[in-house]
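Got a structure for you, questions after.
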Amino acid sequence: MRKILFLHGFFASGSCPMASALKEALEGQATVLAPDLPLHPGEALKMIRSWMEQERPDMLLGNSCGAFYAQIISSETGIPALLGNPYFMMTRFLKDRIGEHSYKAPRTDGKQSFLIDDGLIEEFGQLEAVQFDHYKPYYKGRVWGIFGEQDTLAHFEPLFLKYYNHTYHFPGGHTPTKEEVKRWHAPLALKMLMEYSDK
């Protein structure tokens, strides 16, 4: 069965509602892998690359910060990726949220709190500066974007369109509901799998 590696958003985890909605909607059609991503971007990318090597997924599906990571991995490997409300400038997001926070969904390691500080923001800043360095025009059709029309946090569709040419919209916010995921994201992921299954 085909595999989708789902990359969750910054405050989420692999057990978030979006991950469970994808698993429910795609049951029998694709296996959805949804690991908990580390807080620090370098560690997160290292884990994603390890999962890529071990599981060899057919595509990536990321939301918000997860979509930021998915673009980087897709441009390195050519694997198809669906980016949900990609947050390409995570430093902007983090600077307004310095301090201690809690994840919005349980994590397998049991850790539910984390700290946003200047060091973490600097790590994301270094990654932001090189996030498109591996971009290849040859693969620009293999990364699709889906953008919420009510998203009040991320406004990066213009930046997305500088590199990629497939955009879709859904009538939701930054974090889609389970119903929105089933109606919009899951069918689009299947369409992408069908389009690139033999390529």
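Position 1 is the first residue of the sequence, and the numbers go up from there.
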- Message: Under the criterion side chain to side chain contact (heavy atoms under 4.5 Å, CB included), I'd like the reasoning laid out for Ile73 against Met52: C-alpha separation, chi angles, the key distance, then a yes or no.
- Response: CA-CA 9 Å; Ile73 298 296; Met52 293 287 294; 4.0 Å; yes

- Give a yes or no on this: more than 12 heavy atoms of other residues, nucleotides or ligands lie within 6.0 Å of atom CZ of Arg183. no

- Message: My understanding is that only one of Lys46, Gln54, Glu53 makes a side chain to side chain donor-acceptor pair (under 3.5 Å) with Ser50; could you say which?
- Response: Gln54

- Query: What distance do Leu26 atom CG and Leu193 atom CG have between them, rounded to the nearest 0.5 Å?
  - Reply: 8.0 Å

- Item | Single hit among Phe93, Phe124, Phe132, Phe68 for ring pair (Phe, Tyr, Trp, His ring centres under 6.0 Å) with Phe88 | Phe132

- Message: What I'd like to find out is whether the side chain of His101 reaches to under 4.5 Å of the side chain of Phe10, using heavy atoms alone.
- Response: no

- Query: How would you list, by chain and number, every residue that makes a side-chain hydrogen bond (donor to acceptor under 3.5 Å, both in side chains) with Glu179, sequence neighbours excluded?
  - Reply: none

- For the pair Gln71 and Tyr163, evaluate side-chain hydrogen bond (donor to acceptor under 3.5 Å, both in side chains) and give the outcome as yes or no after the intermediate values. CA-CA 10 Å; Gln71 189 285 140; Tyr163 296 92; over 6 Å; no

- Query: Cluster question for you: counting only ILVMFWY and a side-chain heavy-atom cut-off of under 4.5 Å, with indirect links fine, are Leu22 and Met1 together?
  - Reply: no

- Heavy-atom pair of closest approach, residues Leu5 and Pro35: CD1-CD, 3.6 Å

- Item | Heavy-atom closest contact (Ala189 atom, Ile4 atom, distance) | CB-CD1, 4.1 Å

- Item | Residues, nucleotides or ligands: over 12 heavy atoms within 6.0 Å of Lys104 NZ | no

- Flag if over 12 foreign heavy atoms under 6.0 Å of CD, Glu149: yes

- Item | Donor-acceptor under 3.5 Å (Gln150 side chain, Pro171 main chain) | no

- Message: I'd like to know if the side chain of Ser74 and the backbone of Ile79 have a donor-acceptor N/O pair within less than 3.5 Å.
- Response: yes

- Query: Could you state the interatomic distance from NE2 (His155) to CZ (Arg92), rounded to the nearest 0.5 Å?
  - Reply: 10.0 Å

- Task: Rounded to the nearest 0.5 Å, what's the gap from CD on Gln112 to OH on Tyr103? Could you check?
- Result: 8.5 Å

- Give, for atom CD1 of Ile48 and atom CG of Leu7, the distance between the pair rounded to the nearest 0.5 Å. 4.5 Å

- Task: Would you confirm whether the ring centroid of Phe114 sits within less than 6.0 angstrom of the ring centroid of Phe11?
- Result: yes

- Message: Do Leu159 and Phe147 sit in one hydrophobic cluster, given that two such residues count as connected whenever their side-chain heavy atoms are within less than 4.5 Å of each other, even indirectly?
- Response: yes

- Considering all heavy atoms of both residues, which atom of His40 and which atom of Leu120 are nearest to each other, and what is their separation? ND1-CD1, 3.5 Å

- Kindly determine whether Phe6 and His185 satisfy side chain to side chain contact (heavy atoms under 4.5 Å, CB included), including the steps that lead there. CA-CA 12 Å; Phe6 172 70; His185 296 69; over 6 Å; no

- Query: Donor-acceptor pair, Asn63 side chain versus Gly66 backbone, under 3.5 Å?
  - Reply: no

- Query: Do any N or O atoms from the side chain of Ser13 and from the backbone of Pro106 form a donor-acceptor pair under 3.5 angstrom?
  - Reply: yes

- Any chance you could lay out the side chain to side chain contact (heavy atoms under 4.5 Å, CB included) test for Ile121 and Ile98, step after step, and finish with the verdict? CA-CA 9 Å; Ile121 294 170; Ile98 288 178; 3.9 Å; yes

- Strictly under 6.0 Å, is that where the ring centroids of Tyr164 and Tyr135 end up? yes

- Look only at the side chain of His8 and the backbone of Leu37, and say whether a donor-acceptor pair between them is shorter than 3.5 Å. yes

- The reported gap from CG in Leu33 to CG in Leu61 (rounded to nearest 0.5 angstrom) is 12.0 Å

- Task: Would you mind reporting whether Met59 and Tyr196 have side-chain heavy atoms less than 4.5 Å apart?
- Result: no

- Task: State which residue, out of Glu123, Glu128, Glu122, fulfils the side chain to side chain donor-acceptor pair (under 3.5 Å) condition with Thr91.
- Result: Glu128

- Query: If we only count heavy atoms from C-beta on, is the Asn85 to Phe170 side-chain gap below 4.5 Å?
  - Reply: yes

- Task: Quick one: list whatever passes salt bridge (charged side-chain N to carboxylate O under 4.0 Å, His left out) with Arg97, sequence neighbours left out.
- Result: none

- Query: Considering all heavy atoms of both residues, which atom of Ala105 and which atom of Cys16 are nearest to each other, and what is their separation?
  - Reply: CB-CA, 3.9 Å

- With sequence neighbours left out, what residues match Ala154 under side-chain contact (heavy atoms from CB on, under 4.5 Å)? Tyr87, Asp151, Phe156, His174

- Item | side chain to side chain contact (heavy atoms under 4.5 Å, CB included) between Tyr69 and Leu60, intermediate numbers included | CA-CA 10 Å; Tyr69 292 141; Leu60 301 171; over 6 Å; no

- Item | Over 12 non-hydrogen atoms of neighbours within 6.0 angstrom of NZ in Lys95 | no

- Query: Any donor and acceptor pair, going by atom type alone, linking the side chain of Arg142 with main-chain N or O of Ser75 inside 3.5 Å?
  - Reply: no

- Message: Ignoring hydrogens, what is the shortest heavy-atom contact between Ala81 and Ala70? Give both atom names and the distance.
- Response: CB-O, 4.2 Å

- Task: Answer with yes or no whether the hydrophobic clustering places Trp51 together with Leu82; edges join I, L, V, M, F, W, Y residues whose side-chain heavy atoms lie under 4.5 Å apart.
- Result: no

- Contact check, side chains of Leu188 and Met192, non-hydrogen atoms, under 4.5 Å: no

- Query: Say you draw a straight line from NE2 of His166 to CD1 of Ile146; how long is it, rounded to the nearest 0.5 Å?
  - Reply: 14.0 Å

- Measure across Ala67 and Leu83 and return the closest heavy-atom pair with its distance rounded to 0.1 Å. O-CD2, 3.5 Å

- Would a 4.5 Å heavy-atom cut-off, applied to side chains only, mark Pro176 and Trp184 as touching? no

- Is it the case that one hydrophobic cluster holds both Val130 and Val143, taking links as side-chain heavy atoms less than 4.5 Å apart, direct or via other members? yes

